[in-house]
Amino acid sequence: MIYRDVCSLGAPGSRNLFLSIVNNASALSQLIQTHAQIIVNGLQYDLATVTKLTQKLFDFRAIQQARHLFFTIPSPDIFLFNVLIRGFSSNASPLSSISLYADMRRNTHLRPDNFTYSFALMAASGFPDEKYGMLLHAQSIVDGSGFELFVGSAVVDLYFKFSLVELARKVFDRMPERDTVLWNTMITGLVRNCCYGDSIEVFRDMVAERVQLDSTTVATLLPAVAEMPELKVGMGIQGLGLKLGFHYDPYVMTGLISLYSKCGQINTARSLFRQINKPDLIAYNAMISGFTCNRETESAVRLFREILASGERVGSSTIVGLIPVSSPYGHLHLTCSFQGFCIKSGIIPNPSVSTALMTVYNRLNEVDLARQLFDESPEKTLAAWNAMISGYTHNGLTDKAISLFQEMMTEFTPNPVTITTILSACAQLGALSFGKWVHDLVKSKNLELNIYVSTALIDMYAKCGNILEARQLFDSMIEKNTVTWNAMISGYGLHGYGHEALKLFHEMLHLGFHPTGVTFLSILYACSHAGLVREGDEIFHTMVNNYRIEPITEHYACMVDILGRAGKLEEALEFIRRMPVEPGPAVWGTLLGACVIHKNMNIADMASKKLFEMDSESVGYYVLLSNMYSVDRNFPKAALIREVVKKRKLAKTPGCTLIEVNGTPHVFVSGDRSHSHTTAIYAMLEKLTGKMRELGYHSETVTSLHDVEEEEKELMVNVHSEKLAIAFGLIATEPNTEIRIIKNLRVCLDCHTATKFISKITERVIIVRDANRFHHFKDGVCSCGDYW
DNA sequence: TTAGGGTTAG
């Protein structure tokens with residue numbers, strides 16, 4: 001009785017006192033002391049005091065103390081429950097949070113309110129799947145709070161966290177009332193799920209409905225805008241931000257710096273950075289990364305030194321944003337010194353940093369250095385594996401890329417980046433079975449099929465010979481970008497389907513896609529392989545005059561190829577003379593190739609002279625020339641060229657051909673006798689040669705040439721690898737099926753002629769991918785029109 | 001609000 005009196009008398013005054021002490025507590029120890037005094041003053045069951053105390057305990061991450069305190073309260077109210085549910089959830093204990101919520105529903109008569117639901121929903125997003133979240137959403141609707149602003153926002157946020165974009169949108173659309181936070185949640189969710197276009201549309205709706213914008217709205221949208229090609233949108237948002245006075249918000253400023261940097265407007269970014277009074281580390285990071293991606297090496301390094309000099313500790317983000325400045329050739333020393341800095345300052349075990357360094361090493365063709373870093377990384381993230389696999393792929397080490405991929409599969413499920421990279425390796429290698437296996441993997445595991453993956457699939461199918469499958473995939477894609485179109489156009493070019501390529505090119509322009517230098521290269525290449533001289537010429541002029549794209553060496557070489565192949569050698573020469581830049585080995589080499597086809601010794605002489613002057617490393621040109629002189633019976637000159645090759649220590653790439661039978665690859669080299677079916681293969685070849693001769697085939701070998709060195713003669717007498725592969729294909733596959741082979745060099749004249757005969761005799765379609773393009777042999781005719 | 005791994009040509 002006396003006790004109760006003390007409580008009721010003293011409570012109001014001392015409660016306010018304690019509330020204010022708890023509120024202002026700056027250390028956990030102080031809080032615990034105050035708790036003791038609360039007990040002494042008999043306020044230990046006072047819900048208002050206890051609730052505040054619990055909340056504060058969570059602020060200090062004293063989760064166990066908070067839990068204990070809660071269990072001393074005989075009948076907690078909904079406020080106290082809410083504080084606990086939120087406290088657990090924001091301290092990475094979503095399970096405690098949800099079980100407390102469940103406990104409350106089961107064992108008390110308390111009614112969850114808006115707060116309960118929004119906190120519990122926040123906790124539910126920490127679970128591995130959306131099960132609990134959906135349950136809570138359903139309960140909140142039954143309870144009648146599902147359409148309240150706070151609850152609705154939490155539900156929308158939850159669905160976005162599980163990438164259930166459509167569900168989130170449905171909830172958003174059905175909300176009777178929407179405030180700034182709800183709109184922001186919607187926009188943020190869309191941006192986080194990479195639906196950039198949609199996020200901007202929602203933003204436009206928000207403006208149209210005259211909803212109050214805040215700096216979060218603007219800051220959230222900026223990264224979305226950075227992903228969009230049209231900067232205009234960004235300008236609009238910045239304008240809006242300025243008008244509303246948000247440009248002083250550090251989030252907005254940093255976002256703008258990043259945006260302008262990504263759009264190549266580095267000077268605007270720089271001036272925004274200068275306007276910041278005291279930039280924080282994050283603003284510095286954004287600016288450094290901006291300089292880096294705009295190749296302003298010196299500015300980036302200078303700013304980095306500025307941070308170091310100021311005594312600020314640089315973070316991994318800083319260095320990750322800086323590392324790519326060292327990727328241009330000749331900057332290897334810079335990469336190494338960054339690595340040294342990271343080791344010294346203890347940043348290096350950070351996986352992002354290692355991955356960034358690996359990427360640069362790979363770009364500089366220093367695959368071994370990258371691999372060393374990879375092997376030494378204590379924590380190998382999926383990104384690190386991807387970086388290494390992509391490094392191998394870009395450096396042509398496709399077999400290593402594939403075996404590393406297989407090793408990775410034992411630890412990780414591949415993501416879209418992995419799939420894209422490995423498909424690129426398959427395309428390079430011509431590994432159709434493996435490529436199909438990867439495609440099946442995507443389908444069976446329901447892996448995300450984004451624009452990169454789809455484009456890589458198109459490229460893989462096209463390069464592995466299945467152009468129809470490539471086109472089907474292309475047609476089924478809802479969202480395409482320029483790269484997608486480029487891949488399909490170049491696929492057609494590779495197969496010699498010039499008209500299809502042109503049709504696609506015009507369709508692409510009609511739909512409003514902006515062609516790039518690569519687009520023009522692909523279409524010119526397609527024209528050259530289909531003998532479309534007039535079309536090629538027109539396109540080249542369109543590129544220069546209408547699209548103002550400055551041609552690079554490859555464009556010029558393509559034009560020389562178009563003219564040269566068509567026998568317009570004088571015109572090709574004239575074109576070279578009029579080139580505004582110095583023609584390189586690629587241009588002269590292309591002209592030489594055309595001379596060989598059309599047997600023009602004069603121009604060939606001239607082109608080869610130029611090639612020799614340039615000291616080209618490409619042995620192919622020399623082989624071309626030597627063969628041409630041999631055919632022309634100019635043996636001294638042929639010998640001279642072989643001498644040069646020897647002197648310059650240029651190694652010929654040995655030719656080899658791959659054929660897949662039932663998913664197993666078989667590789668043949670010239671004169672190969674190592675295959676288990678050798679006897680049958682040679683017997684088949686002999687039988688075929690007999691039939692071919694009856695039909696008028698005579699080999700174009702150089703066996704009769706007396707001025708050829710013994711070693712080389714043997715190589716010439718030997719059966720080329722593609723013939724062996726075809727013979728094996730005929731033995732090992734069912735009649736009437738297609739035979740697909742891949743050769744690493746250009747197919748020679750003799751093999752080309754022979755394959756035409758074989759396709760007629762055996763009534764088989766034979767598809768040959770050589771170093772340049774595809775040849776579809778059918779009924780004695782080749783799709784290249786003997787023009788390759 | 002900043003940062004790491006991906007597709008097309010040659």
Side-chain angles (χ1 to χ4, degrees), chain A residues 215-216 218-223 226 249-259 261-262 276 279-290 292-293 314-324 350-360 362 374 380-391 393-394 414-425 427 450-460 462-463 480-491 493-494 515-526 552-558 561 584 586 590 771-772:
Chain A
S215 59
T216 308
V218 180
T220 311
L221 265 176
L222 291 171
D249 182 291
Y251 283 51
V252 175
M253 279 300 249
T254 309
L256 280 173
I257 291 169
S258 174
L259 168 69
S261 302
K262 281 183 188 153
I276 304 178
D280 62 355
L281 184 61
I282 293 174
Y284 266 105
N285 291 350
M287 194 64 244
I288 288 177
S289 154
T292 300
C293 64
V314 301
S316 57
S317 300
T318 322
I319 193 84
V320 168
L322 178 67
I323 286 170
N350 179 300
S352 305
V353 174
S354 309
T355 307
L357 280 167
M358 277 164 55
T359 306
V360 173
N362 281 327
F374 178 75
K380 290 181 182 57
T381 58
L382 185 53
W385 284 92
N386 290 343
M388 202 57 233
I389 294 170
S390 125
T393 305
H394 284 299
N415 70 359
V417 178
T418 327
I419 299 293
T420 309
T421 314
I422 204 69
L423 283 172
S424 165
N450 66 18
I451 199 158
Y452 285 97
V453 175
S454 304
T455 306
L457 274 170
I458 290 173
D459 184 53
M460 185 277 288
K463 288 217 178 95
K480 300 184 183 88
N481 62 17
T482 308
V483 179
T484 317
W485 288 88
N486 293 353
M488 196 64 233
I489 290 171
S490 84
L494 204 61
T516 60
V518 176
T519 315
F520 282 103
L521 212 49
S522 307
I523 192 72
L524 288 174
Y525 181 72
I552 56 170
T553 323
E554 283 81 0
H555 292 110
Y556 290 116
C558 240
D561 201 41
T590 307
N772 273 350

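Below, all heavy atoms of this structure are taken into account, side chains as well, without hydrogens, waters or symmetry copies. Below, chain A is the first sequence line, B the second, and so on; all start at residue 1.
In this structure, Thr553(A) reaches neither bases nor backbone, as no heavy-atom distance under 4.0 Å exists between it and the strands shown. Within 4.0 Å of Asn350(A), counting heavy atoms only, lies no atom of the nucleic acid at all. Residue-level contact check: Lys380(A) touches neither bases nor backbone, having no heavy atom under 4.0 Å from any strand. Asp249(A) comes within 4.0 angstrom of no nucleic acid atom, judged by non-hydrogen atoms across all strands. Here Leu382(A) lies in heavy-atom contact (under 4.0 Å) with a base. When heavy atoms are screened at a 4.0 angstrom cut-off, Pro351(A) is found touching base atoms of the nucleic acid. Within the nucleic acid shown, Lys463(A) comes within 4.0 Å of sugar-phosphate atoms alone, with no base atom in reach, counting heavy atoms only. Heavy atoms of His394(A) sit under 4.0 angstrom from primed sugar atoms or phosphate atoms, though from no base atom. Within the nucleic acid shown, Thr381(A) comes within 4.0 Å of at least one base atom, counting heavy atoms only.
With values rounded to the nearest 0.5 angstrom, Ser258(A) atom OG is found 8.5 Å from Leu222(A) atom CG. For the atom pair OG1 (Thr420(A)) and CG (Asp459(A)), the distance works out to 11.0 Å, reported to the nearest 0.5 Å. Taking CD1 of Ile323(A) as the reference point, atom CD1 of Ile288(A) lies at 11.5 Å (rounded to 0.5 Å).
If you take CE of Met460(A) and P of dT8(B), they are 12 Å apart, rounded to a whole angstrom. One can place CG of Asp280(A) at 12 Å from P of dT2(B), the figure rounded to the nearest angstrom. One can place CD1 of Ile523(A) at 18 Å from P of dT8(B), the figure rounded to the nearest angstrom. Distance Asn386(A) CG to dT7(B) C1': 14 Å, rounded to the nearest Å. Here the C1' atom of nucleotide dT2(B) and the NZ atom of Lys262(A) are 9 Å apart, to the nearest Å. In this structure, Leu521(A) atom CG and dA9(B) atom P are separated by 9 Å, rounded to whole Å. If you measure from atom CD1 of Ile389(A) to atom P of dG6(B), you get 11 Å, rounded to the nearest angstrom. Look at CD1 on Ile276(A): it is 10 Å from C1' on dT1(B), rounded to the nearest Å.
Taking only side-chain atoms of Ser289(A), from C-beta outward, the nucleotide of dT1(B), dA3(B), dG4(B) with the closest atom is dA3(B). The nucleotide whose nearest atom lies closest to any side-chain atom of Ser390(A) is, among dT2(B), dG4(B), dG5(B), dG5(B). Side chain of Glu554(A), nearest nucleotide from dG10(B), dT2(B), dG4(B): dG10(B). Checking dT8(B), dT7(B), dT1(B) against every side-chain atom of Tyr251(A), the shortest atom distance belongs to dT1(B). Considering only the side chain of Tyr525(A), dG10(B) comes nearest among dG10(B), dT1(B), dT8(B). Out of dT8(B), dT1(B), dG6(B), the shortest distance to the side chain of Thr421(A) is found at dG6(B). Closest to the Tyr452(A) side chain, of the nucleotides dA3(B), dT1(B), dT7(B), is dT7(B). Relative to the side chain of Thr355(A), the nucleotides dT7(B), dT2(B), dG5(B) differ in distance, and dG5(B) lies closest. Nearest to the side chain of Ser317(A), among dT2(B), dG4(B), dT8(B), sits dT2(B). For Ala286(A), taking side-chain heavy atoms from C-beta onward, the closest of the listed nucleotides dA3(B), dT2(B), dT7(B) is dT2(B).
A donor-acceptor contact under 3.5 angstrom links the side chains of Thr519(A) and Asn486(A), judged on distance only. When only modelled atom types and interatomic distance are considered, Asn386(A) and Thr418(A) share a side-chain donor-acceptor pair under 3.5 Å.
The shortest heavy-atom contact between Leu494(A) and Ala462(A) is CD2-O, 4.2 Å.
For Thr420(A) and dT7(B), a side-chain-to-base donor-acceptor distance below 3.5 Å is absent, hydrogens and geometry of angles not being considered.
In terms of the side-chain contact (heavy atoms from CB on, under 4.5 Å) criterion, residue partners of Thr484(A) (sequence neighbours excluded) are, by chain and number, Ile451(A), Thr455(A), Ile458(A), Phe474(A), Met477(A), Lys480(A), Asn481(A).
Phosphate contact (OP1/OP2 of dA9(B), side-chain N/O of Ser490(A), threshold under 4.0 Å): present. Taking only side-chain nitrogens and oxygens, Thr393(A) never comes nearer than 4.0 Å to OP1 or OP2 of dG6(B).
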